[in-house]
Amino acid sequence: MHDKASNLLIGDSRLRNIRPKYLLGDEDFTNVHTYGGSKTKDILMLSKQYDKSLKNVIISVGINDVFDNTSTENIKANLDKLKEYWNGIANSVTFTEIVPSKNCNDMQLRNIEEINMYINQMDHTVNCAEIFSKNSLLLAKDGTHFSNFALTQFVLAIKHAFHIKRPNKFRNKSNKSSHSNKVTQELESQIFEMVDTIPVLDFTSASLLHSDEEYVKNDLEGLAKQINKAFSSVGFFYIKNHGVTEDEVDALHKYTSLFFNLPVSIKEKYKRTDTNHGWASFELERLSPDRPPDLKESFNITNIEDENIIWPEEVPEFKTTMKNIFGKLRRLSMRLLRLIAIGLGLDDHEYFFKYHNLIGNDNITTMRSLFYPSLLGKEIKLNQLRCGEHSDYGSCTLLFQDDIGGLEVMTRDKVYIPATPIPGCVIVNIGDLMQKWTGNRLIAAKHRVVLPKDPKLQAAERRSLAFFLHPDNTVDVKSIDDDKDQAINAMDYVKKKFDNTYT
C-alpha cells in the first residue's frame with residue numbers, strides 16, 4: 001500500500017517524463033507518484049493501492065477506453081466505481097468531459113458524446129479550467145497518448161487550481177546530462193508556452209479620471225504595447241483603474257434587475273426592434289449555431305440620441321442610469337481605439353476615430369445589460385449554455401461581470417480558460433471587424449458562458465454589462481496592411497450575424 005503519499009498524480013505514460021516538482025513548483029505537490037494508463041479500468045485498479053486519506057489527487061482519464069472499443073456501459077460503470085471509491089478517500093470528486101481525438105471514427109465520436117452526457121449528469125462535474133478547491137479529484141481531459149492539446153488542458157487545470165506560476169528555471173538534481181532530461185525540460189517549457197493567461201493591465205494613464213484633453217499628454221506607449229501584445233496572443237485582457245466606479249455598475253444592475261423581474265407581459269412592451277434596441281427575451285438568441293438557444297435575456301441600448309426611444313416607465317431610474325454609463329463607456333472605448341492605433345505603430349493615433357463618429361445615431365454600437373436567470377427548475381437541453389461560443393462582431397467590447405463567473409475564453413491553442421471575475425476590473429476584447437482592420441494582427445477570440453456545476457451557483461442569477469463598439473453603419477472595413485483586401489460593409493456584416501443569431 002502506498003499509504004505515505006499525501007498528494008497523488010496519475011496519468012498517461014507521457015507524464016513519466018514530467019518532473020512534477022519543477023512543473024508545479026514546491027507548493028502542495030511534494031510527494032507525487034506517476035503511473036501509465038488512462039483507461040478507467042486501469043485507474044480503478046491503481047486506486048485500490050491507496051487506503052489512507054489523500055490531500056490532493058489528480059487523475060487523467062480519457063479516450064483510451066473508446067479506442068479499445070470498450071462498451072459505453074462498461075465505461076459508465078467504471079466511472080461510477082471510481083467516483084464511489086475516491087469519495088471514500090478524497091475530500092471531493094470532480095469529472096471533466098473526454099476530448100475527441102482527430103483519429104476518432106464516427107462510432108467513437110458517438111460513444112464519446114454519450115459518455116460526456118453521462119459525465120455531465122454526475123455530481124461535481126467541472127470543466128478543466130473550473131476547479132473550485134485544492135482538495136479535489138480531477139479526471140482531466142485527455143487525448144490519445146496525451147496530445148499537446150490534452151496536456152495543455154491538464155496543466156492549465158493544475159495551474160488554475162493551485163495558483164502556480166512558472167518556475168524561474170528548470171533545474172535537474174542530477175549532475176548527469178541525458179537526452180531524456182533535455183526532452184523533459186523542452187516539454188516543460190512547451191507546456192508553459194502553450195498555456196495562456198489573461199493579463200491585468202493598469203489603465204491609469206488613460207483613465208476617465210483624466211479629461212479628454214489631459215490623458216493624451218500622458219505616456220501611453222507602454223500601455224499601448226501591452227494591449228497590442230494581449231490582443232495578438234490570448235485576445236482578452238482586464239483593465240483596472242479605468243474610471244468607472246463599482247457603485248455606478250451596481251446601480252445599473254439594481255435597476256435593470258427590477259426590469260428583468262417584471263412579468264413577461266410588461267417586458268413585451270419593450271421588445272427588441274430592427275434597430276437592435278430593446279428587450280431580447282429568454283432563449284431568443286443563439287450565438288452558437290451548433291447549440292440550442294442561449295439561457296439568457298437582455299436589454300439593448302443602441303440609438304441613444306433618438307428621442308423616440310421607449311424606456312421602461314416601470315423603472316424610472318432606468319433611463320438616466322443607462323445613459324450615464326453609455327456615455328462613460330463610449331469615451332472609454334474611444335481611448336482604447338487610440339491605444340490600439342499606437343500599439344499598431346500607426347502615425348495617426350486617431351486613425352480609427354473617423355470611423356466611429358456617429359455613435360448613438362447612425363451606428364449600431366450597443367450597450368447590453370445581460371441577465372442569466374437561475375437554472376433551478378429550467379429544462380436544460382443537450383449542449384445548451386448560458387451563452388454559446390462566438391466571437392464579437394465589431395470593433396471592441398468592454399465587459400463588466402458579477403462574481404458568479406462562467407465566462408471562458410478560447411486561446412490560440414483552442415483551449416478554453418476562465419475569465420474569472422476580478423473586482424473593479426473591466427474585461428476587454430476585440431471583434432471580427434477589428435481583426436480584419438488590423439490584417440489579423442489582433443485576434444477576435446471566441447468565448448462562451450458555461451453552466452455552473454456548483455448547485456449554489458446554479459441557483460444564482462448572473463448579470464453582466466457589455467458595451468459593443470461598432471464602426472459607423474456606412475463604413476467599409478478593409479485591412480490597413482493590404483490595399484488589395486476586399487472591403488466589407490460594417491452594417492451588412494452585423495446584419496448577417498443578427499440573422500443567424502435571432503431565432
Side-chain angles (χ1 to χ4, degrees), residues 10-16 35-47 58-86 93-130 137-157 194 286-294 379-385 388-390 408 410-411 413-416 446 448 450-451 453:
I10 300 176
D12 186 277
S13 57
R14 240 180 98 173
L15 283 176
R16 293 180 185 277
Y35 295 92
S38 61
K39 291 175 286 196
T40 51
K41 62 179 182 180
D42 293 337
I43 293 175
L44 188 62
M45 292 177 61
L46 289 170
S47 68
I58 294 183
I59 295 183
S60 162
V61 59
I63 204 170
N64 288 344
D65 284 311
V66 179
F67 274 99
D68 283 357
N69 295 318
T70 305
S71 74
T72 55
E73 294 306 313
N74 284 342
I75 297 174
K76 292 176 186 178
N78 283 332
L79 286 170
D80 288 336
K81 291 177 184 177
L82 276 173
K83 179 183 174 184
E84 180 182 1
Y85 183 84
W86 286 108
V93 182
T94 57
F95 294 84
T96 65
E97 297 179 355
I98 297 174
V99 176
S101 164
K102 293 180 180 179
N103 299 327
C104 289
N105 58 39
D106 290 342
M107 179 176 293
Q108 290 166 341
L109 288 173
R110 287 194 296 270
N111 288 346
I112 290 172
E113 183 177 4
E114 180 181 344
I115 294 300
N116 284 343
M117 288 176 60
Y118 185 76
I119 288 175
N120 278 318
Q121 294 172 1
M122 302 178 79
D123 293 336
H124 307 298
T125 304
V126 299
N127 180 280
C128 258
E130 295 178 314
L137 164 68
L138 171 64
L139 301 182
K141 288 185 175 181
D142 194 7
T144 310
H145 304 306
F146 242 104
S147 65
N148 282 344
F149 171 77
L151 194 57
T152 304
Q153 288 273 22
F154 183 75
V155 177
L156 179 64
M194 288 189 292
R286 187 201 305 266
L287 285 177
S288 172
D290 299 323
R291 294 186 182 273
D294 299 341
E379 182 180 347
I380 310 300
K381 302 176 182 66
L382 177 64
N383 294 325
Q384 194 169 25
L385 297 179
E389 47 273 293
H390 67 284
E408 293 184 343
M410 190 174 78
T411 69
D413 296 307
K414 301 189 183 306
V415 176
Y416 275 101
K446 284 190 174 183
R448 64 189 183 186
V450 298
L451 304 181
K453 305 303 179 182

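Given the structure is predicted, the values throughout are model-derived calculations rather than measurements.
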CG-CD1 distance between Leu385 and Ile380, expressed to the nearest 0.5 angstrom
10.0 Å
Which atom pair, heavy atoms only, marks the closest approach of Gly388 to Asp294?
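Scanning both residues, the minimum pair turns out to be N-OD1, 3.1 Å.
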Could you pull out all residues at least two apart from Glu389 that satisfy side-chain hydrogen bond (donor to acceptor under 3.5 Å, both in side chains)?
Ser288, Arg291
Using modelled atom types only, decide if a donor and an acceptor are shared between the side chain of Glu114 and the backbone of Thr72 within a distance under 3.5 Å.
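Side chain of Glu114 to backbone of Thr72: no pair is present.
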Determine yes or no for a side-chain-to-main-chain donor-acceptor pair under 3.5 angstrom, with Gln384 supplying the side chain and Lys381 the backbone.
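Yes; judged by distance alone, with no hydrogens or angles, the pair exists.
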Applying side-chain contact (heavy atoms from CB on, under 4.5 Å) to Leu109 and Glu113, what does each step give before you reach the verdict?
CA-CA 6 Å; Leu109 288 173; Glu113 183 177 4; over 6 Å; no
Could you pull out all residues at least two apart from Glu379 that satisfy side-chain contact (heavy atoms from CB on, under 4.5 Å)?
none
